[in-house]
Amino acid sequence: MKWLELNQENKVDYRKFRLRIAHQALEASNLPIQQWRLLRLASIRKEYVTEDIEHYIFKLIHKAVVAA
């Protein structure tokens, strides 16, 4: 039980994980990396997009642009 409490993932971290998976899927499909696509593929509703999540999406999008 103690291990679970120490290693439990919070909601924001889980959303970032889903965004990372969505980003990989979009890259594999050669689709444009756009915020709405990431959110839709990751199943994240707009009301759950915090400043931290927006910053993470910005980094994902610009990482894709720099790599291209």
Side-chain angles (χ1 to χ4, degrees):
M1 192 67 164
K2 185 140 184 122
W3 182 87
L4 264 176
E5 289 174 8
L6 292 173
N7 295 301
Q8 184 177 3
E9 192 172 49
N10 65 31
K11 292 177 183 180
V12 173
D13 289 338
Y14 184 60
R15 288 185 186 117
K16 287 180 180 180
F17 167 76
R18 292 187 351 230
L19 285 165
R20 200 168 45 248
I21 298 300
H23 182 267
Q24 292 171 355
L26 289 173
E27 278 187 330
S29 301
N30 289 324
L31 290 170
I33 311 293
Q34 298 171 315
Q35 181 171 350
W36 72 268
R37 285 185 196 271
L38 286 169
L39 291 172
R40 186 166 192 176
L41 199 54
S43 299
I44 299 173
R45 295 176 14 187
K46 285 184 181 182
E47 53 264 21
Y48 295 123
V49 177
T50 62
E51 188 175 322
D52 189 26
I53 295 293
E54 279 211 20
H55 182 68
Y56 190 73
I57 291 170
F58 180 82
K59 285 176 29 181
L60 285 174
I61 290 172
H62 286 80
K63 174 184 145 192
V65 170
V66 170

Members besides L6 in its Ile/Leu/Val/Met/Phe/Trp/Tyr cluster (side-chain heavy atoms under 4.5 Å): none
Verdict with supporting geometry, H23 and E27, side-chain contact (heavy atoms from CB on, under 4.5 Å): CA-CA 6 Å; H23 182 267; E27 278 187 330; 3.2 Å; yes
Closest approach of R20 to L60 (non-hydrogen atoms, all atoms of both residues): N-CD1, 4.4 Å
For the student: nearest non-hydrogen atoms of A22 and L41, plus distance: O-CD2, 3.5 Å
Interatomic spacing from CZ in R40 to CD in Q34 - rounded to 0.5 Å: 12.5 Å
Reported CD1-to-CD distance for the pair I44 and Q35, which is rounded to 0.5 angstrom: 10.0 Å
Cluster overlap F17 with I61, hydrophobic side-chain contacts below 4.5 Å: no
Distance (rounded to the nearest 0.5 Å) between I21 CD1 and K16 NZ: 15.0 Å
From R18 atom CZ to L38 atom CG, the distance as rounded to the nearest 0.5 Å: 12.0 Å
Mutual orientation of the aromatic rings belonging to H62 and F58 [parallel < 30°, tilted 30-60°, perpendicular > 60°]: tilted
Straight-line distance of D13 CG to K11 NZ, nearest 0.5 Å: 12.5 Å
Joint hydrophobic cluster, Y48 plus L39, side-chain heavy atoms closer than 4.5 Å: yes
Joint cluster assignment, I57 & Y14, ILVMFWY side-chain distance < 4.5 Å: no
